[in-house]
Structure formats: structure tokens, C-alpha cells
Asker: 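Below is one structure. I have some questions about it.
Model, not experiment: these values are computed from the prediction. We name chains A, B, ... by the order of the sequence lines, and we start the count at 1 in each one. Excluded from the calculations below are hydrogen atoms, water molecules and symmetry mates; all remaining heavy atoms, backbone and side chain alike, are included.
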Amino acid sequence: MHPAFSVILLTTLIGAGQGLFLALFTGQLYSSIKLIEAQGADFYAGGSTISLLLLIAGLGASFFHLGRPERAWRAASKWRTSWLSREVIVLPLMMAVVFFYGLFHYIGWTEPFYVAGGGILPIDVTLVLGFLGVVIALALFVCTAMIYASVKFLEEWHSPYTVGNFTFLGMASGFMLAAAFSAYLGNHLVGFYGTWAVIFTLLALGTRTASLLRNATLKHKSTLQTAIGVRHRQIVQKSQGFTGGSFNTREFFHHQSPEFLKLVRLAFLVLVFPLPLFLILISYVLQSPTLPIAAFLVQYLGLLAERWYFFAEARHPQNLYYQSIA
Amino acid sequence: MTQLALVIDLNVCVGCHACVTSCKQWNTSGWAGPMVDENPYGADPTGTFFNRVQTFEVGSYPNTETVHFPKSCLHCEEPPCVPVCPTGASYKREDNGVVLVDYDKCIGCKYCSWACPYGVRELDEMQKVMKKCTLCIDRITDQSLPERERKPACVLACPTSARLFGDVHDPDSEVSVAIRERGGYPLMPEWGTKPANHYLPRQKTRMHISEDELQRADNPLTKEDITVYTGEETIDDVTW
Ligand code: SF4
Ligand code: SF4
């Protein structure tokens, strides 16, 4: 498939935005039961603003993917059958939750109205909203991933690993960003978020490696034989019916050499997994305020490569019909 | 229920592209148009087509066979391109099974093209909406046309009658009979899309000639048998 930059940016940006929100809420939950140091409104409001900006940037990028962005509102109508439609509904919901979550923290609606668990867990409006946000963030990961995983013709994507990858990679980058944000503010949560970022990065490493291994030995269902229905072991296309390109030759091919693909794969395997982990560990040892930021940026760069490879790796059966120009 | 479809006879298709050009002409000037061409006279021409004729070579020299292979939307009975459309722009008509795109609703997200294994949907680069074969819906449903012209443009244009059009759910239709009696098959059956369009396989035309057809036994011009018989039993004795 042709890796479209709009979609690469959309999926990586909103992934980090959702992950950051999940990180903020995890922090709030831990601090409300006094496991970690409580943070002021600024931390949550600031973090929510960054998360919201990432979500907005992702949405903005997605419009460049549409031929007719002015009609984008129509995309909410077929949520019963289309994962794309479901994403179109859940993304604004996510934005709304993040917005109000940050706002309520900012205006200080954090007085508990109920204390659950025998006086251990004080519940306030932001906690309820945050919990709702967790559900929505996870649902959004599933919707985004299922857009790809549900297309059975793209066999490289048609697996539960795709959902695992989108979710864990998004969470990893979000928690990494939370660590970077904490380091920037100079609070004591760098280690807390850093640890979670390491955990999610390792989980993502597991699912991503599994999907790479699966795809390395994948045998495609369709062949030239089934494509034209002729039973012979040797069939070659002599003409695809036109000399110039068409939508079919642009949208479904990455037009890059196999060596370049290998290079991108190597790049993301290094940039997403070992390098940020190394940086975050060093920053923990050195108590550095800048290294977590570098760790997030390196990982995000790696995620761009990862998403590019994700698209380029998938081979669509229609390509069987577009092999030869002459 | 009616399911309109094409049946394409690979045995007689000569790869002349008459269906390609007539399709483009009819549809670019009709309901589905315009089907824009970019750089039509430049180095890298590109444009929207609903129908393409491709050519494949089967086997290796000298035992090769050339297969000309016209390809357009197959109007699948289980169209995977329809449920993925987020806007409902892609739909399958209840009354005749034709799969269509509502150009006023399509947002050009291209998702449907990913969900079609046959590569027959093309995004129009000027209108920025998805396009594909309509089976000439504006023509086959036009009651003002005489009955014999209510057929897709490609079918009318084909000089070898390689394209048959009709209802594949009616067992007695020309297309159903052709599929049944001449081995019509669907493309990529492994996906369960149940394409309505079918293809008729190529058939070798063979003549069997035996020895006695080359040598007429009762040829009046062959020389008479001049063997001299001397009293032995002859064939005449046995038969009479
Ligand atoms: S051939 Fe492709 S576009 Fe046409 S109905 Fe089937 S899946 Fe949809
Ligand atoms: S490109 Fe148009 S027809 Fe295709 S899925 Fe998107 S909105 Fe539907």
C-alpha cells in the first residue's frame, strides 16, 4: 500500500494524545489513593492541553486524506457497519472528554463528592470523567486499529496484532510524553511515567515482533491463477491496459525498493524500542530533565517510520492485476 | 430478486479495447461523468476508467496462449466495498443488484477501494470522489430507449459479442445459460464476495479426423479390385 502521510500523522498523533490522557488519569488515580505525590491543577490542565492539541493535529492531518473534506460530517452515518465511521464518532468524543477533564481540573472541580472503598478512594467529577475517558480512549484505539485490521484483503493487517500494536505503541508514546512533560515541569513523576512507558514499550515490542514474524511467512490467498481464473503454473501479465499510471498503481504501491523497506524497518526497530528505553533509563540515573524529552521525540520519530512500514508492508490482492505496463 | 451482471467470454475477446473506449465515451458524458483525464497528450497520461482490458500470457514458449482479459466492477452479491463506506455513498441497489456510488455523498476517503480485491474502483482526481462501473445504470433503466439498446455501452460496442448482459438470477436468461453450459466462473472465489459477473473460459477448438475419413472407403474413383478369384469363398458368398 502507498503510505499516505496524512494517515501516518493521524494515527501516531492521536495515539500519543490518547496515551498522554491515559497517563494523566493513571497519575490522578495513583495520587488519589496516595501512592504517588499529588499534582496541582496546572499539571492536569497543561497535560490535557497537550493531549488535546495532539488530537486536534491528528484530526487536521486526517482531512488531507479526504478528497472532499467539506463533507466529512457525513462519515458518522454508517457506524453500524464501518469502523471508519466509528472512529469518526469516537474521536470527537475523546476530544470533548480531554477538554472537560482539563477544564474541570483548571477551575478546581476536584472536591470529592463521595469517598469509596472505606475512605480510601475519594471520587470527584474529574475522576468520573477520567474513567469515562479511559473507556473512550481504549475504544478509539480499537476503532483506529480495526479500520486496518478489519480489511480481510490486506492479510498483513488482518490480525489481532494490529489492534495490539496500535494500542500499545500509542500508550508507550503517551506515557513517554507524560514522562517528558514531568521532566520539563521538574516534578517527581518522571520515574513513575518512565516505568509505565517502558512497560508499554516492551508490550508493543512483543506484539510488533509477533506481527513482523507472522507477515514474514504469510502466504497470500490470491494468486494470478485465481485472479484471472486460468489454471496454469506460468502466467505473466503482458499489459495492464494502459501506459500511464492510474489510481490503482498509485494508491496500492509504495514504489520503493525492498532495500529501502528493510532500512525503514531497521530504523523503527531501533528508534521505537531500544533507544528510547536506553534514554529513559539513563535519564533516571542522571536525573536529567532533557533526556525524557529526547526519548519521546526519538520514539515518535520511530513511530512515523513504523507506520510508514506498516502501510508499505501490506500487499493488496489488486496488485496482481497491475504488474506490467507494456 | 434480480441481479444484473456481465458475462465475459474470454474465448472470443480479441483485446481490441472497444469496450474501454465506448464505456469512457458514454459515461464521461452521462450521469457518472465527467471521467477526467490528466495530461492526455503528455508524457504521463492518467485518467479515470471503469473498464480496462488487460493481457496475460499463459505458459512458456512455444506453448503459449494469449488471454485478453476485460475487467470492471463485478457487482458482487456480497460486496465487501459497501459496508466499509462510512457515509453510505457506496450501496447496492435492491431492485437489480447493481453496486453504485452516490457522488454527492462520497467524501473520497478511498476506504472502499481498499476493501475491493479486484482493483476496479478509481478515485476521480478532479471530482475527488470514488468511481466505478455502473453497468450504465442510466442507460439500462432508461425506458425511453428501445429495448435492444437498454444494455451497457461496452456490450453494444463489442465486435465479437464477447460481452453478454442479463439477470444471473433468472435461470433461463442468456447469461445464466452461458454460465451453466459453458463453464462460467467467478474471479477470486476464495474471498466469498460472490461476484455477479462471470467469465467464460477459453476453449480449444479441435477437429478429430480418423484414417478412414482421409481415405474414403466407398470412393467411386478408386481403382476396381482386379484380383482374380479361383473358386474360393468370396465375400459375396458370405453375405448373400
Ligand atoms: S468488484 Fe469490487 S467494487 Fe465491485 S462490487 Fe465487488 S468488491 Fe465492490
Ligand atoms: S471513497 Fe466514497 S464511496 Fe468509498 S468508502 Fe469513502 S465515502 Fe464511501
Asker: Check for a donor-acceptor pair, side chain of A/Arg74 on one end and backbone N or O of B/Gly88 on the other, with a separation under 3.5 Å.
Answerer: no
Asker: Taking side chain as everything from C-beta outward and backbone as N, CA, C, O, which of these in A/Ala227 sits under 4.5 Å from a heavy atom of chain B? Side chain, backbone, both or neither.
Answerer: both
Asker: Answer with side chain, backbone, both or neither: which region of B/Val58 has an atom nearer than 4.5 Å to a non-hydrogen atom of chain A?
Answerer: both
Asker: Looking at A/Ala314, A/Ala76, A/Ala75, which makes the most heavy-atom pairs under 4.5 Å with chain B?
Answerer: A/Ala75
Asker: Do you know which of A/Val230, A/Val236, A/Val151 has the most heavy-atom pairs with chain B at a distance under 4.5 angstrom?
Answerer: A/Val236
Asker: With distance as the sole test, does B/Tyr185 use its side chain to make a donor-acceptor pair with the main-chain N or O of A/Ile228 at under 3.5 Å?
Answerer: yes
Asker: Using every non-hydrogen atom in the two residues, find where B/Lys128 and A/Gly67 come nearest and quote the distance to one decimal.
Answerer: CB-O, 3.4 Å
Asker: Mark yes when over 12 heavy atoms from residues, nucleotides or ligands other than A/Arg68 sit less than 6.0 Å from its CZ; otherwise mark no.
Answerer: yes
Asker: Supply the atom-to-atom distance B/Glu57 CD to A/His232 NE2, rounded to the nearest 0.5 angstrom.
Answerer: 10.0 Å
Asker: Between B/Met188 and A/Pro317, is there a side-chain heavy-atom distance shorter than 4.5 Å?
Answerer: yes
Asker: Counting heavy atoms not belonging to B/Lys24, are there more than 12 under 6.0 Å from its NZ?
Answerer: yes
Asker: Would you mind reporting whether A/Lys221 and B/Trp191 have side-chain heavy atoms less than 4.5 Å apart?
Answerer: yes
Asker: Check each atom of A/Arg233 against the heavy atoms of chain B and say whether the ones under 4.5 Å are side chain, backbone, both or neither.
Answerer: neither
Asker: Looking at A/Trp79, A/Trp73, A/Phe153, which makes the most heavy-atom pairs under 4.5 Å with chain B?
Answerer: A/Phe153
Asker: When you look at NZ of B/Lys194, are more than 12 heavy atoms from neighbouring residues, nucleotides or ligands closer to it than 6.0 Å?
Answerer: no
Asker: Can you tell which part of A/Ile147 gets under 4.5 Å to a heavy atom of chain B, answering side chain, backbone, both or neither?
Answerer: both
Asker: Return yes if a side-chain donor-acceptor contact under 3.5 Å exists between A/Thr226 and B/Glu190, otherwise no.
Answerer: yes
Asker: Where on B/Ser90 is there a heavy atom nearer than 4.5 Å to chain A: the side chain, the backbone, both, or neither?
Answerer: neither
Asker: Taking A/Arg71 for the side chain and B/Cys106 for the main chain, is one N or O donor matched with an acceptor at less than 3.5 Å?
Answerer: yes
Asker: Taking only residues at least two apart or on different chains, which pairs with a member in residues 53-87 of chain B satisfy ring pair (Phe, Tyr, Trp, His ring centres under 6.0 Å)?
Answerer: B/Phe56-B/Phe69, B/Phe69-B/Tyr199
Asker: Residue by residue, scan residues 85-95 of chain A and write down, ordered by number, those that have a heavy-atom distance under 4.5 Å to chain B; if none do, write 'none'.
Answerer: A/Ser85
Asker: How close do A/Phe311 and B/Trp114 get, heavy atom to heavy atom, and via which atoms?
Answerer: CE2-CH2, 4.0 Å
Asker: Quick check on A/Glu70: does its CD atom have over 12 non-hydrogen neighbours (other residues, nucleotides or ligands) under 6.0 Å away?
Answerer: yes
Asker: Quick one: what part of A/Ser150 sits under 4.5 Å from any heavy atom of chain B, side chain, backbone, both or neither?
Answerer: side chain
Asker: Where on B/Thr64 is there a heavy atom nearer than 4.5 Å to chain A: the side chain, the backbone, both, or neither?
Answerer: neither
Asker: Check B/Cys109 against A/Leu84 and note the closest heavy-atom contact, atom names and distance.
Answerer: SG-CD2, 3.7 Å
Asker: What's the shortest heavy-atom distance between B/Ser60 and A/Gln234, and which atoms?
Answerer: CB-OE1, 3.3 Å
Asker: Which answer fits B/Val120, side chain, backbone, both or neither, if we ask what part of it has an atom under 4.5 Å from a heavy atom of chain A?
Answerer: backbone
Asker: Please examine the side chains of A/Tyr321 and B/Leu187, heavy atoms only from C-beta on, and report whether any two atoms are closer than 4.5 Å.
Answerer: yes
Asker: Do you see a donor-acceptor pair shorter than 3.5 Å between the side chains of B/Glu122 and A/Ser246?
Answerer: no
Asker: For B/Leu123 and A/Glu251: C-alpha separation, side-chain torsions, deciding distance, then whether side chain to side chain contact (heavy atoms under 4.5 Å, CB included) applies.
Answerer: CA-CA 9 Å; B/Leu123 187 86; A/Glu251 177 75 4; over 6 Å; no
Asker: Give a yes or no on whether the backbone of A/Gly245 and the side-chain of B/Thr46 come within a donor-acceptor separation of less than 3.5 Å.
Answerer: yes
Asker: Is it the side chain or the backbone of B/Arg121 that comes within 4.5 Å of chain A heavy atoms, both, or neither?
Answerer: backbone
Asker: Applying side chain to side chain contact (heavy atoms under 4.5 Å, CB included) to B/Lys131 and A/Phe247, what does each step give before you reach the verdict?
Answerer: CA-CA 11 Å; B/Lys131 298 207 173 170; A/Phe247 174 74; over 6 Å; no
Asker: Taking side chain as C-beta onward, heavy atoms only, is A/Arg250 less than 4.5 Å from B/Glu125?
Answerer: yes
Asker: Taking the cut-offs as 6.0 angstrom to the six-membered ring centre and 45 degrees off its axis, would you call B/Arg52 and A/Phe242 a cation-pi pair?
Answerer: yes
Asker: Could you check which of B/Gly119, B/Pro86, B/Gly42, B/Gly15 has the highest count of heavy-atom pairs closer than 4.5 Å to chain A?
Answerer: B/Pro86
Asker: Can you tell me which of B/Gly108, B/Pro117, B/Pro83 forms the most heavy-atom pairs within a distance under 4.5 Å of chain A?
Answerer: B/Pro117
Asker: Identify which part of A/His65 has an atom lying under 4.5 Å from any heavy atom of chain B, answering side chain, backbone, both or neither.
Answerer: both
Asker: Check whether any side-chain N or O of A/Ser77 sits under 3.5 Å from a backbone N or O of B/Thr87 as a donor-acceptor pair, and report yes or no.
Answerer: yes
